[in-house]
Engineer: 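One structure, as structure tokens, below. Some questions next.
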Amino acid sequence: MKVCVIGSGYVGLVAGACFADTGCTVRCADIDERKIAMLKQNDLPIYEPGLQDIVERNQEDGRLTFTTDVGAAIRESEIVFIAVGTPPDEDGSADLSHVLAVAATIADNLNGYKVVVNKSTVPVGTADLVANTIASRTTGDFAVVSNPEFLKEGAAVNDFLKPDRIIVGTDDDRARKLMERLYAPYQRTSNRIYFMDVRSAEMTKYAANAMLATRISFMNQVARLCEEVGADVTMVRKGIGSDPRIGNKFLFPGVGFGGSCFPKDLRALVSIGEEYGQEMSILKAVVDVNRNQKMRLVERVVEHFGEDLTGKTFAVWGLAFKPGTDDMREAPSITIINALLERGATVRGTDPVAMETAHVHFEDRITWVEDDYETLEGADALLVVTEWPEFRNPDFQRVRELLKAPIVFDGRNLYEPDTMKDLGFVHYSIGRPAPELPTV
Ligand code: NAD
């Protein structure tokens, strides 16, 4: 099958590489010349486990090619994916300018029937907008399909290769058959494709992200209450997660969610609600709780050290918005570090892969340290912000020796309070009462 994917970011690159890996001839197109030049050299602009190998192998075998000539890529393909960004506009609604620009380019290069597949996350009704944009420029034959993407950054390749579900919104039979063929390799053991109408497919993506974000904010709010009433949110999480109606996934409290999807998609859904006169009050609360939660660790730091942090140094482990990725978009580390700096603190930061992407946010305002332990040298406390696996079981003896005082603000509940107490740490975590301070 001849496929082109327009937009070679997290979604487009993973989708394009994975389709090529099943034998499709894939053209990945992007207007970013630097990105395409890098990709041609097998130099990936993003970090995503397993992706390097797939890109290299398929590029060498000639099934995967990269180009800035978007028009040519469209003309050579029967299935055209749109995977460009849909960032929030000032009012929170999704900015569709990139999607519609691509629709116009598709119209201008339509040289036979094509299935135009929208993979970007877009408001309900966008498929119609795309179809109208194309139809206003050409009388050519095409179908617009909605095929939202559910991959998780940090596990994107695995998610794409082993999807829980593949949502395809279409009312066109020819398009349906082509989509069935394209996705056949991903559902050999069981049928994972859900065909539905286009609007339901578009809504499914937003509703899924909104539900997941709601679970996180719910648990963060419960965690706040646990801190006050003297309960341990970890016990509460296990207790409620054992109910199959609730399930044990996505119940971890922390320093709030970030990333390129949840914050933007929630704002977009609230905005869609406003457009249709339907107040999305739950989602507004989810956003508010998340905004406050990003400050929770800083509040704890202030409780301990006071509002003025001049002369204090903090080591920060983890900058990316979650483990497994170098994505810094809306990362809680940005809020936390800026709040520490505003109060006069010095920050020493480290991250296994996000040092480069984090640099634009903090530049020379923080001290960059490659080695986790070196970050601790001369620091008054350690803040754990991203739950990278290597932070889970450090050499606590060394951590104690390197820190000025054994104080850990654990934003991801990586460590057990009793163990930390036995090891002599003052350990602040999420959803548990503040630790007793040693008497001087
Ligand atoms: P991204 O910013 O990483 O990549 C988008 C790419 O599109 C960029 O490389 C950009 O140069 C390119 N582009 C913009 N306009 C273009 C045009 N006119 N022609 C060709 N290329 C163009 O974005 P992303 O994270 O891959 O997200 C893409 C879409 O997928 C968004 O709607 C997002 O909400 C959705 N999505 C993202 C994820 C995720 O985890 N990142 C998961 C599911 C869905």
Side-chain angles (χ1 to χ4, degrees), residues 4-18 27-39 44-49 51 66-74 77 80-89 93-109 116-123 126-127 130 133 146-160 163-167 201-202 204-210 212-213 257-269 320-322 324-331 357:
C4 92
V5 183
I6 306 175
S8 302
Y10 283 89
V11 168
L13 181 58
V14 170
C18 291
R27 299 279 272 157
C28 278
D30 203 293
I31 46 172
D32 185 335
E33 288 178 10
R34 189 178 149 263
K35 201 176 256 190
I36 291 298
M38 285 174 74
L39 285 165
L44 269 52
I46 55 165
Y47 172 77
E48 198 54 64
L51 188 57
F66 295 98
T67 181
T68 50
D69 190 342
V70 180
I74 294 166
S77 310
V80 179
F81 276 88
I82 304 176
V84 296
T86 46
D89 251 339
S93 65
D95 172 1
L96 292 178
S97 57
H98 303 299
V99 171
L100 296 180
V102 173
T105 312
I106 293 172
D108 298 344
N109 290 279
V116 177
V117 189
N118 190 23
K119 227 180 204 332
S120 299
T121 303
V122 291
T126 301
V130 168
T133 305
S146 166
N147 172 219
E149 182 50 58
F150 294 93
L151 60 75
K152 300 184 287 294
E153 283 177 28
V157 170
N158 195 49
D159 285 349
F160 199 89
D164 297 323
R165 76 299 213 188
I166 298 159
I167 301 289
E202 291 172 333
T204 300
K205 174 64 192 176
Y206 277 124
N209 275 358
L212 292 170
F257 56 78
S260 67
C261 292
F262 286 179
K264 135 179 119 55
D265 293 350
L266 277 178
R267 286 199 288 270
L269 200 48
F321 88 92
K322 67 172 182 178
T325 182
D326 60 351
D327 199 341
M328 281 294 295
R329 290 179 278 188
E330 308 234 15
T357 42

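Counting from 1, the numbers follow the sequence of the chain as shown. Both counts, for ligands and for their atoms, begin at 1 and track the order of listing.
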Engineer: Which of the numbered atoms in ligand 1 are under 4.0 angstrom from any heavy atom belonging to G85?
Structural biologist: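 Counting atoms of ligand 1 from 1, those under 4.0 Å from G85 are 5 (C).
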Engineer: Looking only at the side chains, is there a donor atom on one of D95 and S97 sitting less than 3.5 Å from an acceptor on the other?
Structural biologist: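 Per modelled atom types, D95 and S97 side chains form a pair under 3.5 Å.
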Engineer: Just heavy atoms, cut-off under 4.0 Å: does A156 contact ligand 1 by side chain, backbone, both, or neither?
Structural biologist: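 The answer is neither; A156 stays 4.0 Å or more away.
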Engineer: Give the atoms of ligand 1, by number and element, whose distance to some non-hydrogen atom of H98 is under 4.0 Å.
Structural biologist: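 Near H98, the atoms of ligand 1 are 15 (N).
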Engineer: Return the minimal non-hydrogen interatomic distance between L39 and P45, and the atom names on each side.
Structural biologist: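 Here L39 and P45 meet closest at CD2-CD, 3.5 Å.
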Engineer: Whether the side chain of E153 engages the backbone of Y10 through a donor-acceptor N/O pair (distance < 3.5 Å, no angle test) should be reported.
Structural biologist: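 Between the backbone of Y10 and the side chain of E153 there is no qualifying donor-acceptor contact (under 3.5 Å).
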Engineer: Just by distance, do the side chain of T105 and the backbone of A101 share a donor-acceptor pair under 3.5 Å?
Structural biologist: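 Yes: the side chain of T105 pairs with the backbone of A101.
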Engineer: Locate the shortest heavy-atom distance separating A156 from E48; write the atom from each residue and the value.
Structural biologist: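 For A156 versus E48, the nearest heavy atoms are N-OE2, 3.1 Å.
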Engineer: Counting both backbone and side chain atoms, is some N or O of Y10 under 3.5 Å from an N or O of ligand 1?
Structural biologist: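 The answer is yes, given that Y10 and ligand 1 share an N or O pair closer than 3.5 Å.
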Engineer: Of the listed options (V122, L100, V11, V70), which comes nearest to atom 27 (O) of ligand 1 when hydrogens are ignored and any heavy atom counts?
Structural biologist: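 The residue whose heavy atom sits nearest atom 27 (O) of ligand 1 is V11.
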Engineer: Determine the sole option in T121, T204, I166 for which the side-chain contact (heavy atoms from CB on, under 4.5 Å) test with F150 is passed.
Structural biologist: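 When side-chain contact (heavy atoms from CB on, under 4.5 Å) is applied between F150 and each of T121, T204, I166, only T204 qualifies.
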Engineer: Looking at R329 and D327, is any side-chain nitrogen of the basic one under 4.0 Å from a carboxylate oxygen of the acidic one?
Structural biologist: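 A salt bridge is present here (some side-chain N lies under 4.0 Å from a carboxylate O).
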Engineer: So which heavy atom on P88 is nearest to which on K264, and how close?
Structural biologist: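 Taking every non-hydrogen atom into account, CD-CD, 4.0 Å.
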Engineer: One thing to verify: whether E330 and R267 come together as a salt bridge, which I'm taking to mean a side-chain N less than 4.0 angstrom from a carboxylate O.
Structural biologist: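 Yes, this pair counts.
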Engineer: List the closest protein heavy-atom neighbour of atom 6 (C) of ligand 1: residue, atom name, distance to the nearest 0.1 Å.
Structural biologist: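 Of every protein heavy atom, D30 OD2, 3.6 Å lies nearest to atom 6 (C) of ligand 1.
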Engineer: By side chain to side chain donor-acceptor pair (under 3.5 Å), which residues pair with E149, not counting sequence neighbours?
Structural biologist: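 Result, side chain to side chain donor-acceptor pair (under 3.5 Å) vs E149: K119.
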Engineer: Could you measure the distance from the CG atom of N209 to the CZ atom of F262? Nearest 0.5 Å is fine.
Structural biologist: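 Between atom CG of N209 and atom CZ of F262 there are 5.0 Å.
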Engineer: Applying a heavy-atom cut-off of 4.0 Å, say which part of K205 lies close to ligand 1: side chain, backbone, both or neither.
Structural biologist: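 Near ligand 1, K205 shows its side chain, while the N, CA, C and O stay back.
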Engineer: Taking heavy atoms and a distance under 4.0 Å, where does R329 meet ligand 1: side chain, backbone, both or neither?
Structural biologist: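 For R329, only side-chain atoms sit under 4.0 Å from ligand 1.
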Engineer: How far is atom 4 (O) of ligand 1 from its nearest protein heavy atom, and which residue and atom name does that atom have?
Structural biologist: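 Minimum-distance protein heavy atom for atom 4 (O) of ligand 1 reads G9 CA, 3.2 Å.
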Engineer: Which ligand 1 atoms, with their elements, are less than 4.0 angstrom from a heavy-atom of G7?
Structural biologist: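 Taking each heavy atom of G7 in turn, ligand 1 has 6 (C), 7 (O), 12 (C), 21 (N) under 4.0 Å.
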Engineer: Provide the number and element of each atom of ligand 1 under 4.0 Å from a heavy atom of V102.
Structural biologist: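 By the 4.0 Å cutoff, the relevant atoms are 17 (C), 18 (N), 19 (N).
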Engineer: List every atom of ligand 1 that sits less than 4.0 Å from any heavy atom of V84, numbering the atoms from 1 in the order shown and giving each element.
Structural biologist: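 Listed by number with element: 7 (O), 13 (N), 14 (C), 15 (N), 16 (C), 21 (N), 22 (C), 28 (C), 29 (C), 31 (C), 32 (O).
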Engineer: Looking only at protein heavy atoms, which one is nearest to atom 43 (C) of ligand 1, and how far off is it?
Structural biologist: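 Protein heavy atom with the smallest distance to atom 43 (C) of ligand 1: E149 O, 3.2 Å.
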Engineer: Under 4.0 Å from a heavy atom of I6: give me the atoms of ligand 1 that qualify, with their elements.
Structural biologist: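 Taking each heavy atom of I6 in turn, ligand 1 has 19 (N), 20 (C) under 4.0 Å.
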Engineer: Would T121 count as a polar contact of ligand 1, with the cut-off being nitrogen or oxygen pairs under 3.5 Å?
Structural biologist: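 Looking only at distances, the answer is yes, because the N/O contact criterion of under 3.5 Å is met.
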Engineer: Nearest to atom 21 (N) of ligand 1, what protein heavy atom do you find, and at what distance?
Structural biologist: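 The answer is I31 N, 3.5 Å.
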Engineer: With side chains defined as the heavy atoms from C-beta onward, is the minimum distance between N147 and N118 less than 4.5 Å?
Structural biologist: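 Sidechains of N118 and N147: no contact.
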Engineer: In terms of atom number and element, which parts of ligand 1 are under 4.0 angstrom from non-hydrogen atoms of K35?
Structural biologist: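 Contacts of ligand 1 toward K35, numbered from 1: 8 (C), 9 (O).
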Engineer: Classify the contact between S120 and ligand 1 as side chain, backbone, both or neither, using a heavy-atom distance cut-off of under 4.0 Å.
Structural biologist: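 Looking at S120 and ligand 1, atoms from backbone and side chain both fall under 4.0 Å.
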Engineer: Which atoms form the tightest heavy-atom contact between K35 and S8, and what is the distance?
Structural biologist: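 Shortest heavy-atom contact: CD-O, 3.6 Å.
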Engineer: Within the structure, is a non-hydrogen atom of K264 found at a distance of less than 4.0 Å from ligand 1?
Structural biologist: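 Heavy atoms of K264 do come under 4.0 Å of ligand 1.
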Engineer: For atom 31 (C) of ligand 1, which protein heavy atom lies nearest, and how many Å away is it?
Structural biologist: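 Sorting protein heavy atoms by distance from atom 31 (C) of ligand 1 puts T86 OG1, 3.6 Å first.
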Engineer: For atom 41 (N) of ligand 1, what's the nearest protein heavy atom and its distance?
Structural biologist: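 It is E153 OE2, 2.7 Å.
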